[in-house]
Amino acid sequence: MTAQPLDVQPTPLALLLLGRESDPGSERGVDCPGDLPAPSDPGLVERARAAKAKLGERVFVLGHHYQRDEVIEFADVTGDSFKLARDAAARPEAEYIVFCGVHFMAESADILTSAEQQVVLPDLAAGCSMADMATAEQVAECWDVLTEAGVADVTVPVSYMNSSADIKAFTGRHGGTICTSSNARRALEWAFGQETGGAGAASRNGSGSHSGSGSRANKVLFLPDQHLGRNTAVRDMGMSLEDCVVYNPHKPNGGLTTQQLRDAKMILWRGHCSVHGRFSLDSVQDVRARIPDVNVLVHPECRHEVVAAADHVGSTEYIIRTLEAAPAGSKWAIGTELNLVRRLANRHADEGKEIVFLDRTVCFCSTMNRIDLPHLVWALESLADGRLVNRIQVDDETEKFAKLALERMLALP
């Protein structure tokens, strides 16, 4: 059985023209490219194979689920960002880690691998709009605002894996933890169970003895994705929308009053994913009208009203597992990055599973798609010729505290 084409309508924008227009129906800052360029020529495929063969066990290629197929073909392992970083750390014999993902992912791999291993990002322009929405300076200013409001001592930062090494280090310095979309609830439960201010904070910060008694945390500063934080707090933990406030780094005091900060349980950073943020309630209603008995399955980075209207919600790995276990002939509309949705549609076509993209408009992750076959070939051939290119290296001080935050996540029950 051949795969059915996904029910999407490409926009006329080419990949190289990203950011020239915006979609008024989605959040500010969300841009949607047109379809991807044609597959790379066969000569590049052969060059990639030759360079990878020449490097042998010296190179370990990681491929994020959102990468295009021509890149995934050369990945030794595939997965989400944290799984890939851990996979890299489990291969100490690999001299080079080539990360086909985005910048924050390569930073995490550098943090978790040994000093002898060198992490390479094939295109340094492959960033992440969500991670870029929270800078170290902005977050430090936010903490000052919380301090002035008298709530910093009872606040624990929890940062999503999709954040820069600087933000992970901030989280580590202030006694917080990192989370993924699959363990965000466990991370929040841990945070709300911490002692803050006194001995508890000293213990979490690894700073020896501290006079004074600690108090129980009653707030979380969640960085940088407001949607994952809100969905986890409200959908998974029973909080109300009124328990959540959004801190806008572009407004004085984050656009919040002192009383709002004191009353809130979740202080959400004003950040979002440019892909998941564009799905709307209209998308869900439209696909239900077009496809009877469709199951709507979305990522928790989607907006709250989308998550509330969906049948299933979960991480990228959860989406993959759910479709694998789905009965033959079932129908699914998926709210996540299009490269993965297309790959899953092709993979399960022979089982009679109908898998479509939740939105009618094609929307790839533009920065993830900067890692194309020409960039990968260039990186592999450079390494094979003895030239180290595009190395991602986190400085020792940042690595120390970022790793502390990551290790707290690894220790979560």
Within the structure provided, determine whether Arg230 and Arg303 are in side-chain contact (heavy-atom separation under 4.5 Å).
no
Which atom pairs, one a donor and one an acceptor, fall under 3.5 Å between side chains of residues 305-314 and the rest of the protein, sequence neighbours left out?
| from | atom 1 | to | atom 2 | distance (Å) |
| --- | --- | --- | --- | --- |
| Asp311 | OD1 | Arg288 | NH2 | 3.4 |
| Asp311 | OD2 | Arg288 | NH1 | 3.2 |
| Asp311 | OD2 | Arg288 | NH2 | 3.2 |
| Asp311 | OD2 | Val296 | N | 2.8 |

Can you tell me how far apart NE2 (His65) and CE (Met368) are? Round to the nearest 0.5 Å.
10.5 Å
Does Glu73 come within less than 4.0 Å of Arg49, counting only side-chain N to carboxylate O?
yes
Treating His64 as the side-chain partner and Tyr66 as the backbone partner, does any N or O pair qualify as donor plus acceptor under 3.5 Å?
yes
Could you check if a side-chain atom of Tyr96 sits within less than 4.5 angstrom of a side-chain atom of Gln117, using non-hydrogen atoms only?
no
Phe82 vs Tyr160, test: ring-ring contact (aromatic ring centres under 6.0 Å, His included). Steps then yes/no.
CA-CA 11 Å; Phe82 186 61; Tyr160 190 23; over 10 Å; no
Does Arg68 come within less than 4.0 Å of Asp372, counting only side-chain N to carboxylate O?
no
State whether Arg185 and Asp236 are salt-bridged, where the test is any N-O pair (Lys NZ or Arg NE/NH1/NH2 against Asp/Glu carboxylate O) under 4.0 Å.
no
Side-chain ion pair, Asp396 and Lys400, N-O less than 4.0 Å:
no
To check you understand the geometry: which heavy-atom pair defines the closest contact between Leu256 and Tyr247, and what is its length?
CD1-CA, 4.0 Å
First locate atom CD1 of Ile178, then atom OG1 of Thr171, and finally report the distance between them rounded to the nearest 0.5 Å.
4.5 Å
Can you tell if the side chain of Ile320 reaches within under 4.5 Å of the side chain of Leu340, non-hydrogen atoms only?
yes
Nearest 0.5 Å, please: how far is CD in Gln118 from CG in Asp110?
9.5 Å
Any donor-acceptor pair under 3.5 Å from Thr177 side chain to Met409 backbone:
yes
So do the side chains of Leu228 and Asn162 get within less than 4.5 Å of each other, counting heavy atoms only?
no
Crowding at CD, Glu57 (>12 non-hydrogen neighbours, <6.0 Å):
no
Between His103 and Cys128, is there a side-chain heavy-atom distance shorter than 4.5 Å?
no
Are Lys52 and Asp76 within salt-bridge range, i.e. N to O under 4.0 Å?
yes
Side-chain contact test, heavy atoms from C-beta onward, threshold under 4.5 Å: evaluate it for His299 versus Cys273 and give yes or no.
no
Residue list, side-chain contact (heavy atoms from CB on, under 4.5 Å) with Asp243, at least two apart or on another chain:
Met239, Ser240, Lys265
Answer whether the closest heavy-atom distance between the side chains of Val341 and Thr336 falls below 4.5 Å.
yes
Can you confirm whether more than 12 heavy atoms, excluding those of Asp293, are under 6.0 Å from its CG atom?
no
Ion pair check, Lys54 and Glu381, cut-off under 4.0 Å
no
Determine whether a donor-acceptor pair (N or O, by modelled atom type, separation under 3.5 Å) exists between the side chain of Arg342 and the backbone of Asp69.
no
Indicate yes or no: at least one non-hydrogen side-chain atom of Cys142 is less than 4.5 angstrom from one of Trp269.
yes
What are the two closest non-hydrogen atoms of Ala233 and Cys244, and how far apart are they?
CB-SG, 4.5 Å
